[in-house]
Trainee: 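Shown below is the structure under consideration.
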2 protein chains.
Amino acid sequence: MDEKKYCYKYPHPSVTTDCVIFGFDGTRLQVLLVKRGIEPYKGRWAFPGGFLKMDESCEEGALRELREETGLTGAYIEQFHAFSDPHRDPRERVITIAYYALVKIQEVQGGDDAERAEWFALDEVPPLAFDHDRILREAMKRLRERIHFEPVGFELLPEKFTMKQLQNLYEAILDVHFDRRNFTKKMLHFNILNQLDETTRPTPKREAFLYSFNVESYNELKQKGFRLEF
Amino acid sequence: MDEKKYCYKYPHPSVTTDCVIFGFDGTRLQVLLVKRGIEPYKGRWAFPGGFLKMDESCEEGALRELREETGLTGAYIEQFHAFSDPHRDPRERVITIAYYALVKIQEVQGGDDAERAEWFALDEVPPLAFDHDRILREAMKRLRERIHFEPVGFELLPEKFTMKQLQNLYEAILDVHFDRRNFTKKMLHFNILNQLDETTRPTPKREAFLYSFNVESYNELKQKGFRLEF
DNA sequence: ATTTTTCGTGTATTTTTTACACAAAAAGTG
DNA sequence: CACTTTTTGTGTAAAAAATACACGAAAAAT
């Protein structure tokens with residue numbers, strides 16, 4: 001029989017963490033999904049996540065699940081919402097604390113013990129398990145706000161990137177279009193980019209300058225309470 | 001004996017909601033605290049909150065606790081963070097989903113069955129129970145961000161208010177100072193204010209125009225994805 | 001009547017945003 | 001090799017927004 005040895009005077013909900021993992025392929029935003037191997041929603045795609053242990057904070061739990069299910073370690077994660085509809089899980093009362101992670105997509109491919117994990121472009125995400133469709137919408141909404149206060153590119157782009165990639169990223173997240181020249185001008189004015197001497201090696205057409213983020217300048221700027229305007 | 005009849009195969013944390021209630025007295029931001037009547041932290045001030053029931057969402061739970069502990073009904077609340085340090089409550093593992101409420105302070109005074117509730121100006125908040133000091137800091141941080149996307153004055157100011165009150169509110173939340181003339185100009189350009197024919201009745205010195213928010217214009221503007229800039 | 005406080009208002013200057021076009025680099029084509 | 005195609009770097013003029021700033025009028029207190 002399954003022994004139920006943890007007893008309480010009042011009913012307690014289960015608590016899970018789920019993690020929406022964002023990556024950027026240079027053109028489009030992507031999310032990493034895992035295929036569920038068990039009921040409910042067996043065979044459906046979902047965000048990696050699972051039950052919280054009693055001796056870990058939600059952040060620790062989210063990072064652990066990330067590692068276990070996708071092989072990702074030390075990702076940048078940020079909590080964005082707790083989902084608590086009493087019937088969001090058909091089995092029992094489960095509250096999930098949702099995080100989003102920003103990862104460099106090219107550092108994730110391969111090396112994962114989770115073959116069940118797969119990247120999907122945002123506009124090609126299949127119907128998800130549980131209320132994960134809603135979770136994704138909320139994650140996007142939060143990311144869109146976040147980008148005004150933090151240069152999320154730090155986490156999503158490779159060390160070296162072109163101005164076009166950076167612009168593509170902002171356009172993908174905010175779903176807008178910028179004039180190429182004005183975007184460059186504005187971005188450089190923030191003074192948080194290093195223009196490198198190198199250019200793109202496997203050049204597509206004409207080779208472009210590479211940039212990297214200047215963490216020191218960014219932190220300095222942030223101290224003064226600035227905002228990235230777009 | 002205290003019967004423990006709710007049993008699970010794995011340990012479950014307790015889940016509570018807590019609510020940081022912001023009000024504005026025309027000059028300063030205030031928060032509503034309740035004095036704890038029981039251990040732990042008996043006699044310390046804390047945010048109203050309590051255990052979540054199994055058949056209610058966190059939002060419902062937060063609103064219920066608000067009503068029970070302060071008499072407030074139908075407040076505007078917004079979830080902002082789940083606090084989950086394994087030792088944040090000395091008794092047992094408790095995860096709290098924290099909300100902030102924005103209320104019209106003048107509609108709250110009196111009428112409360114909770115005499116234990118009291119308003120404190122932000123810079124006069126006493127040391128709080130549990131990790132509520134941290135919760136307050138996070139709530140402020142979130143409110144400060146929120147104000148760039150939503151006119152929080154809708155909820156914090158009375159129906160009719162003066163431009164000075166509105167300016168004081170923005171200054172209190174953002175902790176900055178604006179030029180009176182420039183603030184007025186900018187605010188009116190958003191076109192979400194109705195200038196009323198009335199002026200302040202119990203006039204302090206010279207009477208000032210009263211304004212109200214124009215919800216329709218605001219919603220229109222919001223649809224287009226605008227941002228309040230300050 | 002005088003003083004004190006708060007209110008409403010406008011303009012000139014600076015800064016930021018926006019719109020916009022051409023020449024050079026590389027690759028692909030035949 | 002010439003030619004075409006795609007992508008890159010770059011600057012300027014016009015419009016809009018942000019800023020700095022001062023005085024006269026209304027009301028209350030004395």
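As a basis for the values below, the full set of heavy atoms in this structure was taken, side chains included, without hydrogen atoms, waters or symmetry mates. Each chain gets a letter, A, B and so on, in the order its sequence line appears, and its residues count up from 1.
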Trainee: From C-beta outward on B:Asn182, which listed nucleotide comes closest to its side chain: C:dG10, C:dT18, C:dT5?
Mentor: C:dG10

Trainee: Name the residue closer to the 5' end of DNA chain D, choosing between B:Glu229 and A:Asp179 according to the nucleotide with the nearest heavy atom.
Mentor: A:Asp179

Trainee: Using 30° and 60° as the class boundaries, would you call the ring planes of A:Phe154 and A:Phe213 parallel, tilted or perpendicular?
Mentor: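 Geometry flag for A:Phe213 against A:Phe154: parallel rings.
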
Trainee: Whole-Å distance between D:dT8 P and A:Gln167 CD?
Mentor: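 A:Gln167 atom CD is separated from D:dT8 atom P by 10 Å.
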
Trainee: Figure out the CG/P separation between A:Leu166 and D:dG9, and round it to whole Å.
Mentor: 12 Å

Trainee: With distance as the sole criterion, is a donor-acceptor pair present between the side chains of A:Tyr218 and A:Glu150 under 3.5 Å?
Mentor: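 A donor-acceptor contact under 3.5 Å links the two side chains.
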
Trainee: Return whichever of B:Thr184 or A:Arg180 has its heavy-atom-nearest nucleotide of DNA chain C closer to the 5' end.
Mentor: B:Thr184

Trainee: Closest approach to the side chain of A:Arg181, judged atom by atom: which nucleotide of D:dT7, D:dA18, C:dA21 is it?
Mentor: C:dA21

Trainee: Quick one: does A:Arg206 reach the base of D:dG9 with a side-chain donor-acceptor pair under 3.5 Å?
Mentor: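 Answer is no: no donor-acceptor pair is held.
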
Trainee: Send over the distance from B:Leu210 CG to C:dC7 C1', rounded to a whole Å.
Mentor: 13 Å

Trainee: To the nearest angstrom, how far is A:Phe209 atom CZ from D:dT10 atom C1'?
Mentor: 11 Å

Trainee: Please state how far atom CD in A:Glu207 lies from atom P in D:dT6, giving the value in whole angstrom units.
Mentor: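 Answer to the nearest Å: 20 Å.
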
Trainee: Specify the separation, in whole Å, of atom NE2 of A:His177 and atom P of C:dT18.
Mentor: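 For the pair A:His177 NE2 and C:dT18 P, the rounded distance is 13 Å.
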
Trainee: Between A:Phe178 and A:Tyr170, is the ring centroid distance below 6.0 Å?
Mentor: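 Aromatic pair excluded; centres sit 6.0 Å or further apart.
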
Trainee: Describe, in one word, how the ring planes of A:His132 and A:Phe47 are oriented to each other, choosing from parallel (under 30°), tilted (30 to 60°) and perpendicular (over 60°).
Mentor: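 The arrangement is parallel - the two ring planes meet at less than 30°.
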
Trainee: From C-beta outward on B:Lys186, which listed nucleotide comes closest to its side chain: D:dG24, D:dA18, D:dA22?
Mentor: D:dA18

Trainee: If you look at every strand shown and take non-hydrogen atoms under 4.0 Å, does B:Lys185 touch a base, only sugar-phosphate, or nothing?
Mentor: base

Trainee: Atom NZ of B:Lys205 to atom P of C:dT4: distance rounded to whole Å?
Mentor: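 B:Lys205 atom NZ is separated from C:dT4 atom P by 11 Å.
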
